[in-house]
Amino acid sequence: MAPFTMTISALLESKLRSATASFGPVEARVQAANDARFGDYQTNIAMVLAKQQKANPRQVAQQIIDQLDVADMCAPLEIAGAGFINFRLKPEWLAKHFTGFLSDARLGVPQPEHARTLVIDFSSPNVAKPMHVGHIRSTFLGDALSRIAEFVGHKVIRDNHIGDWGTQFGMILLGWKTELNKEALAADALLEMERIYKLISARCKADPATLQAAQQELVKLQSGDEENLQLWHEMIRLSQAQFDAVYARLGVRFDVTLGESFYNPQLKDVVVQLRDRGIARESEGAWCVFSDQVGKPENDPFLIKDKDGWRDNPAMVQKSDGASNYTTTDLATLEYRLKTWSPTEIVYVTDGRQQLHFRQLFAIFGRWHSELAATVRLAHVWFGAVLGDDGKPFKTRSGDTVKLVDLLDEAEERAYALVTEKNPEASEADRREIARVVGLGAVKYADLLPNRQSDYVFSWEKMLSFQGNTAPYLQNAYVRIRAIFRKAGEAFEVGNTAVELVEPAELSLAKKLLQFGEVLPFVLEDYRPNLLANYLFELATIYHGFYEFCPVLKSEGATRTSRLALCDATARVLKQGLGLLGIEAPERM
RNA sequence: GCGCUCGUAGCUCAAUUGGAUAGAGCGUCGGCCUCCGAAGCCGAAGGUUGUGGGUUCGACCCCCGCCGGGCGCACCA
């Protein structure tokens, strides 16, 4: 028998490869059937081959079946529809196979053939500004992708590219010197820094003298003025302390936090290199990268079409005042990451509005470091907006951005009220802890469930309704399983438990559990944790069906042991799967 | 104006990247607690996938044209 950590689809694919060898090279893909009437797994390979060879798909399917040796695993194969081959797993084979799953620490997730190294750039809050609702998707997505990649067996570097440099610091410095409230700073540093920033920013718009004063503070900072540098360091320290508190609360960690300022020493050199190599040229006093005229104009990020045809859409790498901007910083960052970690992949988790920027960035980098660029997959993993009930960006009633800590507080408060209502006899401390896990989980799950590219409507009622496809539903499935083991009283050792798969609900559950290992690599292909969320919801639903129809503690002998084993496996997959989404699974709720 | 992106059940979203009769949740209607936690389960109703063409064995998915929304278009990031 193949090593356990080969998924069933991979097992069938390898057999299919040998069965189709005589047809020439073709990608053998077997996927879980989307409808139980079509068996457990299906492949459309016969139709692919038939198209290539202009043959009859059903005849090709028959020829493949004649070569396919799966009699031990599957019931006799059927050809269905236009030429699908359907696989139905034999319950005896499944039961035997499932026994291996029970003692597998990796829960059936195969070791990757080639371990990748991913730098994942996510969260990226700004110094001197409180984290807000705009940071949740990047933070949750980046964290989930990091956890998943790591669990699958890849190496991950979590990099928080904080915004610690830029023109806003002129205003904040001016405000710090003239308007700072020390008590307010001590109470909530980010709130106070934001207040003085907004104050000066508004004043700058109305008053040229203030604007000039702010610009002078910025020039002093950039030229190394000691006082301003010291204040700036203080702002970073205060901000980082609050970021750390939020991340600790969220269970998010980073391997490195290298802000934009870290790359300042490289910026001049980046521009010089781009200039010397003819990649950037001067335009209206600024230095910009233009199209290299290679490739189709419609795929060229440096061209844009207007009524007179294609015109330039350059990327600026140095402003006319001599300062660099974010494209330059991102180029320096990219170079640093490649030279430091030699990643196979760099993933940027930001909102969709930055698509053009990243297309230009990747294109510039390819021209600047073509040999290095060829070694790495650069991915802009973008996401849509979080909207309010009105379909507009999510704001407070008064129109302000929603602070992340306020959002988390409210989630826990609402969860606390619900837990108290549902479970009034639990102690205050227990209810608080459950509310924390459930409230946080609800927010994270609601964010990770939709396709990342869609905008989604933020709704407390929905995520905390505790019905349907929500974190609490999944957590509850876990809790119910744990209750069974508490009630059983005896210690349950999985070992090499022989499993009986007789009832339809038992079979469905075992099959679904075995698919955990098929889902995770797929999630990483397109960086879509929502596929894991969907899988977990389906698993929990199937478990609930099993729970209704297959009594565990009331059954006896081998059936009881077998069902306990199914429960144990489900609990482990649920806990692990939720954990990969950054969500905890409570013992009671 | 140009580009990106989205348009799927009353509402909120999926759809294994071109596969079979498009699925969930909420809401609506009808069932199930002397039975391991009912935060659950079972069932019903609900669709010309914005629209008109095209490509092929097969299209929510790819191509072309419209309609509508969001975002972006060099000195913010």
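Reminder, nothing fancy here: chain letters follow the sequence lines and each chain counts from 1. Just so it is clear, the model here is predicted, and its values are computed rather than measured.
- In this entry the distance linking CE of Met463(A) with C1' of C13(B) reads 13 Å, nearest Å.
- Ion pairing between a basic and an acidic side chain is recognised when a charged N comes within 4.0 Å of a carboxylate O; Arg137(A) and Asp351(A) show no such pairing.
- Rounding to whole angstrom units, CD of residue Glu13(A) and C1' of U16(B) are separated by 12 Å.
- For the pair Arg281(A) and Trp287(A), the cation-pi criterion (under 6.0 Å, within 45° of the ring axis) is not fulfilled.
- Here the side chain of Glu13(A) pairs a donor or acceptor atom with the backbone of Val30(A) at under 3.5 angstrom.
- Ring orientation note: the planes of Trp165(A) and Trp232(A) are nearly perpendicular, at an angle over 60° on the 30°/60° scale.
- Using a 4.0 Å cut-off between charged nitrogen and carboxylate oxygen, Glu194(A) and Lys129(A) do not count as a salt-bridge pair.
- The distance between atom CZ of Phe546(A) and atom C1' of G40(B), rounded to the nearest whole Å, is 15 Å.
- Within 4.0 Å (heavy atoms only), Arg29(A) reaches sugar-phosphate atoms of the nucleic acid but no base atom.
- Applying the salt bridge (charged side-chain N to carboxylate O under 4.0 Å, His left out) rule to pairs touching residues 522-546 of chain A yields Arg116(A)-Glu525(A), Lys512(A)-Glu538(A), sequence neighbours excluded.
- In terms of the side-chain hydrogen bond (donor to acceptor under 3.5 Å, both in side chains) criterion, Asn56(A) has no residue partners (sequence neighbours excluded).
- For the pair Lys392(A) NZ and G69(B) C1', the computed distance is 13 Å after rounding to whole Å.
- Partners of Phe546(A) by ring pair (Phe, Tyr, Trp, His ring centres under 6.0 Å), not counting sequence neighbours, listed by chain and number: Tyr543(A).
- When base pairs are accepted only as Watson-Crick or G-U wobble with both N-N or N-O distances under 3.5 Å, RNA chain B takes part in stems of 3 or more pairs at B:1-7 with B:67-73, B:10-13 with B:23-26, B:28-32 with B:40-44, B:50-54 with B:62-66.
- Across all strands shown, Ala488(A) has no heavy atoms under 4.0 Å from either base or sugar-phosphate atoms.
- When each of Leu531(A) and Leu418(A) is assigned the nucleotide of RNA chain B with its nearest heavy atom, Leu531(A) is the one assigned upstream, toward the 5' end.
- Using a 4.0 Å heavy-atom criterion, one finds that Asn34(A) contacts the bases of the nucleic acid, with or without backbone contacts as well.
- Using a cutoff of 4.0 Å between basic side-chain nitrogens and carboxylate oxygens, Arg367(A) and Asp292(A) are scored as salt-bridged.
- For Phe394(A) and Phe458(A), the ring centers sit closer than 6.0 Å to each other.
- Evaluation of Phe84(A) against the base of G19(B) yields no stacking contact (centre distance < 5.5 Å, interplanar angle < 30° required).
- Residue side chain Asn86(A) reaches the base of A20(B) through a donor-acceptor N/O pair under 3.5 Å, judged by distance alone.
- Within residues 445-459 of chain A, the residues approaching RNA chain B are Pro450(A), Asn451(A), Ser454(A), Asp455(A), Tyr456(A), Val457(A), by heavy-atom distance under 4.0 Å.
- By the rule that a glycosidic angle within 90° of 0 means syn, U12(B) does not qualify and counts as anti.
- Rounded to an integer number of Å, the gap from CG of Leu464(A) to C1' of U12(B) is 15 Å.
- Between His161(A) and Tyr263(A), the distance separating the two ring centers is shorter than 6.0 angstrom.
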Begin with the C-alpha distance, continue with both residues' side-chain angles, and end with the deciding distance and a verdict on salt bridge (charged side-chain N to carboxylate O under 4.0 Å, His left out) for Arg588(A) and Asp430(A).
CA-CA 9 Å; Arg588(A) 291 183 172 84; Asp430(A) 284 351; over 6 Å; no
Listing, residues 550-557 of chain A side-chain donor-acceptor contacts under 3.5 Å, not counting sequence neighbours, or none:
residue, atom, partner, partner atom, Å
Ser555(A), OG, Pro551(A), O, 3.3
Ser555(A), OG, Val552(A), O, 2.5

Please evaluate residues Glu78(A) and Arg88(A) with respect to the criterion salt bridge (charged side-chain N to carboxylate O under 4.0 Å, His left out), reporting the C-alpha separation (whole Å), side-chain torsions for both, the decisive distance (0.1 Å), and the verdict.
CA-CA 9 Å; Glu78(A) 340 164 333; Arg88(A) 285 174 205 277; 2.7 Å; yes
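- Remark: the Arg528(A) side chain and the U17(B) base include a donor-acceptor N/O pair separated by less than 3.5 Å.
- Under the ring pair (Phe, Tyr, Trp, His ring centres under 6.0 Å) criterion, Phe362(A) pairs with Tyr348(A), Phe358(A), not counting sequence neighbours.
- Checked against the 6.0 Å centroid criterion, the rings of Tyr527(A) and His380(A) do not qualify as a close aromatic pair.
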Kindly give the atom pairs (protein nitrogen or oxygen, nucleotide nitrogen or oxygen) under 3.5 Å for nucleotides 71-77 of chain B.
residue, atom, partner, partner atom, Å
C73(B), O2', Asn313(A), OD1, 3.4
A74(B), N6, Glu284(A), OE2, 3.0
A74(B), N1, Ser283(A), OG, 3.0
C75(B), O2, Ser320(A), N, 2.7
C75(B), O2, Ser320(A), OG, 3.1
C75(B), N3, Ser320(A), OG, 3.1
C75(B), N4, Glu284(A), O, 3.0
C76(B), OP2, Lys319(A), NZ, 3.4
A77(B), O3', Glu260(A), OE2, 2.6
A77(B), N6, Tyr326(A), OH, 2.7

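- At the heavy-atom level, Gln42(A) lies under 4.0 Å from base atoms of the strands shown.
- Looking at residues 551-561 of chain A, you'll see Pro551(A), Val552(A), Leu553(A), Lys554(A) sit with a heavy atom under 4.0 Å from some atom of RNA chain B.
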Please step through ring-ring contact (aromatic ring centres under 6.0 Å, His included) for the pair Phe549(A) and His544(A), ending with a clear verdict.
CA-CA 9 Å; Phe549(A) 295 111; His544(A) 277 130; over 10 Å; no
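- Centre separation under 5.5 Å together with a plane angle under 30° holds for the ring of Phe38(A) and the six-membered base ring of A20(B), marking them as stacked.
- Distances shorter than 4.0 Å separate none of the side-chain N or O atoms of Asn476(A) from OP1 or OP2 on G40(B).
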Give every pair of a protein N or O atom and an N or O atom of nucleotides 23-33 of chain B that lie under 3.5 Å apart, one pair per line with the distance.
none

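- Between Tyr527(A) atom OH and U17(B) atom P the separation is 17 Å, expressed in whole Å.
- Between Ile64(A) and the choices Ile79(A), Thr20(A), Thr43(A), the side chain to side chain contact (heavy atoms under 4.5 Å, CB included) rule is met once, by Thr20(A).
- Here the side chains of Leu173(A) and Leu218(A) are not in contact, with every heavy-atom distance at 4.5 Å or above.
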Polar atom pairs between nucleotides 57-60 of chain B and protein, under 3.5 Å, N or O only, would you list them?
residue, atom, partner, partner atom, Å
G58(B), O6, Lys51(A), NZ, 3.2

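- Put simply, the side chain of Asp526(A) and the base of U17(B) share a donor and an acceptor less than 3.5 Å apart.
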Give me, pair by pair, the N or O atoms of the protein and of nucleotides 43-46 of chain B that are less than 3.5 Å apart, along with how far apart they are.
none

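- For Gln355(A), taking side-chain heavy atoms from C-beta onward, the closest of the listed nucleotides U5(B), G37(B), C41(B) is U5(B).
- Not one N or O on the side chain of Gln53(A) forms a donor-acceptor pair closer than 3.5 Å with the backbone of Ala50(A).
- Nucleotide C36(B) holds its C1' atom 11 Å from the CZ atom of Phe485(A), rounded to whole Å.
- Across the protein-nucleic acid pair, Arg414(A) atom CZ and A39(B) atom P stand 20 Å apart, rounded to whole Å.
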